[in-house]
Peer 1: 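I have a structure I would like to understand better, so I am pasting it below and will then ask my questions one at a time.
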Amino acid sequence: MSEDSGFEPLEDVSFCSSIQDDVWHNLAGPNAFESWHFDAVSDDGREALVIAFYDNYVLSPRFILNSTIAENVTRSGRHRFPAVSFVYAVDGKPVLGSVNEFVEADFRADGIKGCGIGGSSFHIEKADYGSGFVVSIDLLTVRGRRIKAELEWLLIENDLTGKLEKRTNAVWNAVAPRADVSGKILLIGKTGKIRRTVNFRGTGYHDQVSSANVHYRDLSSRMWGRAHFVDSTMVFDRLGGVQNRSAAGKFYLIRDGRIEEREASCETTEYARDRWGLLIPRRITFVSEDNIRIRIKPMVAFSSGFTEVKMLSEITLSMRDGKARKTTGITQFVDPRKLKNRLMRWLSDLRIGKKDRSPRF
């Protein structure tokens, strides 16, 4: 698709911030998927943590092809490829990371309580000090080692719109735009010995995406991110921006228990290719009609692959009070078009652990 093709998302994406709607909706169709995303940046801005659960892994080589292959088909005839991804980085360098893909029978959902995939899971839990999501991770990583973690997203700003009354074919649910995150991460050697221990503390975010292939129809792209300032949180998003650099975007300003949605122009400049060939802008600016401005300066990629890049970014928020707020946030770029190429699918598959087989690299 050329840059001047006038690309626009083919369907509207509904938005909400709802704990009640943070459930598995069992969407029909081979290319439908739901994902649950958890991330955090440490208090000093040096550490980044991103975890995602998928009922159907949208960046799997099998997701793109699943209408033509028989692998992983259940008796119902559905094609689903559940997966869990994890990355922990320090100073922009990946320290621990893995993607594990499972068979459909390994996926479990239990209403608003959460879901599980293989040995990993998340669920909401109430305690005397508040409510939060407990995320447990057990994943194979390279050389037969395992990543195990137990982390909590203690809710600060959450459930800001209530349950969505009318659903479209795609829903973006920013369940908890702001949370205190803490917990422990372990790297377990092949013999069962603990090789590394990380105690994490920071500020984080949790959302869910439900999509009947709206987000990645025609192998479309997405740029999105979030940043936590002292007095507010900002979440921004743009669909189709890799193919069309003039595509509009939107952002959500969260403060004082309220969430404000704004359409915005989005200018991207100073493009450069990352180590795997994805074209990434180094300067991004969102501007709303009432002149709220977000300046994003991607600094370093802490997770990079053939279809997705996660970067620590310097993010500046300028509002009408004349005060510029600056912090370190996370920006993600997704461009699945390389999965059209058979060689790229094969190489991507080597980075995915499955059926008790470690990822190759």
Peer 1: Provide the closest heavy-atom pair for F102 versus G118 in the form atom of the first, atom of the second, distance.
Peer 2: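 So the minimum-distance heavy-atom pair works out to CE2-CA, 3.8 Å.
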
Peer 1: Compare every heavy atom of I117 with every heavy atom of A83, then report the nearest pair and how far apart it is.
Peer 2: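 Shortest heavy-atom contact: O-CD1, 3.4 Å.
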
Peer 1: Evaluate the side-chain proximity of F33 to V209: yes if any heavy-atom separation is below 4.5 Å, no if none is.
Peer 2: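 With C-beta onward as the side chain, the pair touches.
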
Peer 1: Measure the spacing between CD1 of I259 and CG of D256 and express it to the nearest 0.5 Å.
Peer 2: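 Separation between the atoms: 13.0 Å.
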
Peer 1: Can you give me the closest heavy-atom contact between T331 and S313, atom names plus distance?
Peer 2: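 In this case the closest contact between T331 and S313 is OG1-OG, 2.8 Å.
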
Peer 1: Ignoring hydrogens and geometry, is there a side-chain-to-backbone donor-acceptor pair from E289 to E263 under 3.5 Å?
Peer 2: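 Answer holds: no.
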
Peer 1: As a test of understanding, state which of R226, R222, K250 forms a salt bridge (charged side-chain N to carboxylate O under 4.0 Å, His left out) with D237.
Peer 2: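 Going through R226, R222, K250 one by one, the salt bridge (charged side-chain N to carboxylate O under 4.0 Å, His left out) with D237 is satisfied by R222 alone.
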
Peer 1: Tell me whether N169 contacts the main-chain N or O of A212 through its side chain, where contact means a donor paired with an acceptor under 3.5 Å.
Peer 2: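 Side chain of N169 to backbone of A212: no pair is present.
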
Peer 1: Any chance you could lay out the side chain to side chain contact (heavy atoms under 4.5 Å, CB included) test for L278 and E308, step after step, and finish with the verdict?
Peer 2: CA-CA 8 Å; L278 265 67; E308 182 180 30; 5.7 Å; no

Peer 1: Indicate the atoms forming the closest heavy-atom contact of A174 with D207, along with that distance.
Peer 2: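 Closest heavy-atom pair between A174 and D207: CA-CB, 3.9 Å.
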
Peer 1: Tell me every residue that passes salt bridge (Lys or Arg N to Asp or Glu O under 4.0 Å) with E34, counting only those two or more places apart in sequence or in another chain.
Peer 2: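 Testing E34 for salt bridge (Lys or Arg N to Asp or Glu O under 4.0 Å), a comparison that skips the adjacent residues, returns none.
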
Peer 1: Are the side chains of F236 and C266 in touch, meaning some heavy atoms are under 4.5 Å apart?
Peer 2: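 No, their side chains stay 4.5 Å or more apart.
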
Peer 1: With a 3.5 Å cut-off and sequence neighbours excluded, list the donor-acceptor pairs that the side chains of residues 142-162 form with protein atoms.
Peer 2:
{"from": "R145", "atom 1": "NE", "to": "V142", "atom 2": "O", "distance (Å)": "3.2"}
{"from": "R146", "atom 1": "NE", "to": "D138", "atom 2": "OD1", "distance (Å)": "2.7"}
{"from": "R146", "atom 1": "NH2", "to": "D138", "atom 2": "OD1", "distance (Å)": "3.3"}
{"from": "E150", "atom 1": "OE1", "to": "S136", "atom 2": "OG", "distance (Å)": "2.8"}
{"from": "E150", "atom 1": "OE2", "to": "S136", "atom 2": "OG", "distance (Å)": "3.2"}
{"from": "E152", "atom 1": "OE1", "to": "Y129", "atom 2": "OH", "distance (Å)": "3.4"}
{"from": "E152", "atom 1": "OE2", "to": "Y129", "atom 2": "OH", "distance (Å)": "3.1"}
{"from": "W153", "atom 1": "NE1", "to": "D39", "atom 2": "O", "distance (Å)": "3.1"}
{"from": "W153", "atom 1": "NE1", "to": "Y205", "atom 2": "O", "distance (Å)": "3.4"}
{"from": "E157", "atom 1": "OE1", "to": "G257", "atom 2": "N", "distance (Å)": "3.3"}
{"from": "E157", "atom 1": "OE2", "to": "G257", "atom 2": "N", "distance (Å)": "3.2"}
{"from": "D159", "atom 1": "OD1", "to": "I19", "atom 2": "N", "distance (Å)": "3.0"}
{"from": "T161", "atom 1": "OG1", "to": "S17", "atom 2": "N", "distance (Å)": "2.7"}
{"from": "T161", "atom 1": "OG1", "to": "S17", "atom 2": "O", "distance (Å)": "3.4"}

Peer 1: Name all residues meeting the ring pair (Phe, Tyr, Trp, His ring centres under 6.0 Å) criterion together with Y54; count only those two or more places apart in sequence or in a different chain, and write none if there are none.
Peer 2: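 Ring pair (Phe, Tyr, Trp, His ring centres under 6.0 Å) list for Y54, sorted by chain: Y57.
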
Peer 1: Distance to the ring centre below 6.0 angstrom and angle to the axis at most 45 degrees; does that hold for R342 and W346?
Peer 2: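 No cation-pi geometry.
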
Peer 1: Treating Ile, Leu, Val, Met, Phe, Trp and Tyr as nodes and any side-chain heavy-atom pair under 4.5 angstrom as an edge, say whether F107 and F122 lie in one connected cluster.
Peer 2: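 Both belong to a single hydrophobic cluster.
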
Peer 1: Calculate, to the nearest 0.5 Å, the distance between atoms CG and CE belonging to D290 and M319 respectively.
Peer 2: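 CE of M319 is found 10.5 Å from CG of D290.
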
Peer 1: Under a 4.0 Å threshold between the charged nitrogen and the carboxylate oxygen, would R360 count as salt-bridged to D349?
Peer 2: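 Between R360 and D349 there is no salt bridge, as every charged N stays at least 4.0 Å from the carboxylate O atoms.
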
Peer 1: Which class fits the ring pair H206 and F38: parallel under 30°, tilted 30 to 60°, perpendicular over 60°?
Peer 2: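 Answer is parallel, since the angle falls under 30°.
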
Peer 1: Excluding sequence neighbours, so at least two apart, what forms side chain to side chain donor-acceptor pair (under 3.5 Å) with R320?
Peer 2: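 Testing R320 for side chain to side chain donor-acceptor pair (under 3.5 Å), a comparison that skips the adjacent residues, returns none.
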
Peer 1: Taking only residues two or more places apart in sequence or in another chain, which ones pass salt bridge (Lys or Arg N to Asp or Glu O under 4.0 Å) with D321?
Peer 2: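 For D321 the salt bridge (Lys or Arg N to Asp or Glu O under 4.0 Å) partners, ignoring immediate neighbours, are R325.
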
Peer 1: Side chains of residues 176-189: which donor-acceptor pairs under 3.5 Å do they make with residues two or more places apart or in other chains?
Peer 2:
{"from": "R178", "atom 1": "NH1", "to": "F229", "atom 2": "O", "distance (Å)": "3.0"}
{"from": "R178", "atom 1": "NH1", "to": "S232", "atom 2": "O", "distance (Å)": "3.0"}
{"from": "R178", "atom 1": "NH1", "to": "T233", "atom 2": "OG1", "distance (Å)": "2.9"}
{"from": "R178", "atom 1": "NH2", "to": "F229", "atom 2": "O", "distance (Å)": "2.8"}

Peer 1: Would you check if the side chain of T141 reaches a backbone N or O of G97 as a donor-acceptor pair within less than 3.5 Å?
Peer 2: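 It does hold such a pair.
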
Peer 1: Identify, with sequence neighbours excluded, every residue that meets side chain to side chain donor-acceptor pair (under 3.5 Å) alongside T285.
Peer 2: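 Expected list: none.
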
Peer 1: Quick one: do V287 and E267 satisfy side chain to side chain contact (heavy atoms under 4.5 Å, CB included)? Show the steps, please.
Peer 2: CA-CA 9 Å; V287 183; E267 180 182 3; over 6 Å; no

Peer 1: So with a 6.0 Å cut-off around CZ of R196, is the heavy-atom count from everything else above 12?
Peer 2: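 Incorrect, the count does not exceed 12.
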
Peer 1: List the atom of N56, the atom of A32, and the distance in Å for their closest heavy-atom pair.
Peer 2: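 Scanning both residues completely, I find the closest heavy atoms to be ND2-O, 2.9 Å.
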
Peer 1: Is the closest side-chain heavy-atom distance between S35 and V58 below 4.5 Å?
Peer 2: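 In short, these two side chains do not touch, never coming nearer than 4.5 Å.
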
Peer 1: If you round to the nearest 0.5 Å, how far is OG1 of T316 from NZ of K326?
Peer 2: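 It comes to 4.5 Å.
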
Peer 1: Does D110 have any salt bridge (Lys or Arg N to Asp or Glu O under 4.0 Å) partners at least two apart in sequence or in another chain, and if so, which?
Peer 2: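 Per chain and number, D110 pairs via salt bridge (Lys or Arg N to Asp or Glu O under 4.0 Å) with no residue.
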
Peer 1: Got W276 and V309 here, is their nearest side-chain heavy-atom distance under 4.5 Å?
Peer 2: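 Counting from C-beta outward, W276 and V309 never come under 4.5 Å.
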
Peer 1: Starting from V198, can I reach F302 by hopping between I/L/V/M/F/W/Y residues whose side chains sit under 4.5 Å apart?
Peer 2: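 Unlinked, F302 and V198 end up in two clusters.
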
Peer 1: For L343, does its backbone N or O pair with a side-chain atom of N341 as donor and acceptor, under 3.5 Å?
Peer 2: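 Pair found, side chain donor or acceptor close to backbone of L343.
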
Peer 1: When rounded to the nearest 0.5 angstrom, what distance separates CZ in F251 from CZ in R293?
Peer 2: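 It is 10.0 Å, given to the nearest 0.5 Å.
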
Peer 1: Taking the side chain as every heavy atom from C-beta outward, state whether V41 and T327 have any atom pair closer than 4.5 Å.
Peer 2: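 No. Closest side-chain heavy atoms not under 4.5 Å.
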
Peer 1: Return the CD1 to CD1 distance between I137 and I51, rounded to the nearest 0.5 Å.
Peer 2: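 Taking CD1 in I137 and CD1 in I51, the distance rounds to 4.5 Å.
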
Peer 1: State which residues pass salt bridge (Lys or Arg N to Asp or Glu O under 4.0 Å) with E260; sequence neighbours excluded, sorted by chain then number.
Peer 2: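 Residues passing salt bridge (Lys or Arg N to Asp or Glu O under 4.0 Å) with E260: R255, R258, R262.
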
Peer 1: Enumerate the salt bridge (charged side-chain N to carboxylate O under 4.0 Å, His left out) contacts for residues 160-174, please, sequence neighbours excluded, ordered by first and then second residue.
Peer 2: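 Only D21-K163, D21-R167 qualify under salt bridge (charged side-chain N to carboxylate O under 4.0 Å, His left out).
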
Peer 1: A side-chain contact here means heavy atoms from C-beta on lying under 4.5 Å apart; do M223 and I284 qualify?
Peer 2: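 Yes - at least one pair of side-chain heavy atoms lies under 4.5 Å apart.
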
Peer 1: Between the side chain of S60 and the main-chain N/O of R62, is any donor-acceptor distance below 3.5 Å?
Peer 2: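 Yes; judged by distance alone, with no hydrogens or angles, the pair exists.
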
Peer 1: Among all residues two or more places apart in sequence or in another chain, which pass the side chain to side chain donor-acceptor pair (under 3.5 Å) test with Y88?
Peer 2: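 Per chain and number, Y88 pairs via side chain to side chain donor-acceptor pair (under 3.5 Å) with E47.
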
Peer 1: If every non-hydrogen atom of I315 is compared with every non-hydrogen atom of A227, which pair is closest and at what distance?
Peer 2: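 The pair with the smallest heavy-atom distance is CD1-CB, 3.7 Å.
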
Peer 1: Evaluate side chain to side chain contact (heavy atoms under 4.5 Å, CB included) for S98 paired with F86, printing each intermediate quantity in order.
Peer 2: CA-CA 5 Å; S98 189; F86 177 98; 5.6 Å; no

Peer 1: Using the side chain to side chain contact (heavy atoms under 4.5 Å, CB included) rule, take F81 and I352 through it: C-alpha gap first, then chi angles, then the decisive distance, then the call.
Peer 2: CA-CA 12 Å; F81 309 92; I352 299 174; over 6 Å; no

Peer 1: If you take the centroid of each ring, where Trp contributes its six-membered ring, are W172 and Y252 closer together than 6.0 Å?
Peer 2: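 Yes, ring centres under 6.0 Å apart.
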
Peer 1: Distance from C115 atom SG to H123 atom NE2, nearest 0.5 Å?
Peer 2: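 The SG atom of C115 sits 12.0 Å away from the NE2 atom of H123.
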
Peer 1: How would you list, by chain and number, every residue that makes a side chain to side chain donor-acceptor pair (under 3.5 Å) with D43, sequence neighbours excluded?
Peer 2: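 Listed in chain order: nothing, the list is empty.
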
Peer 1: In this structure, would I330 and I280 fall into the same cluster of hydrophobic residues linked by side-chain contacts under 4.5 Å?
Peer 2: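 No, no single cluster joins them.
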
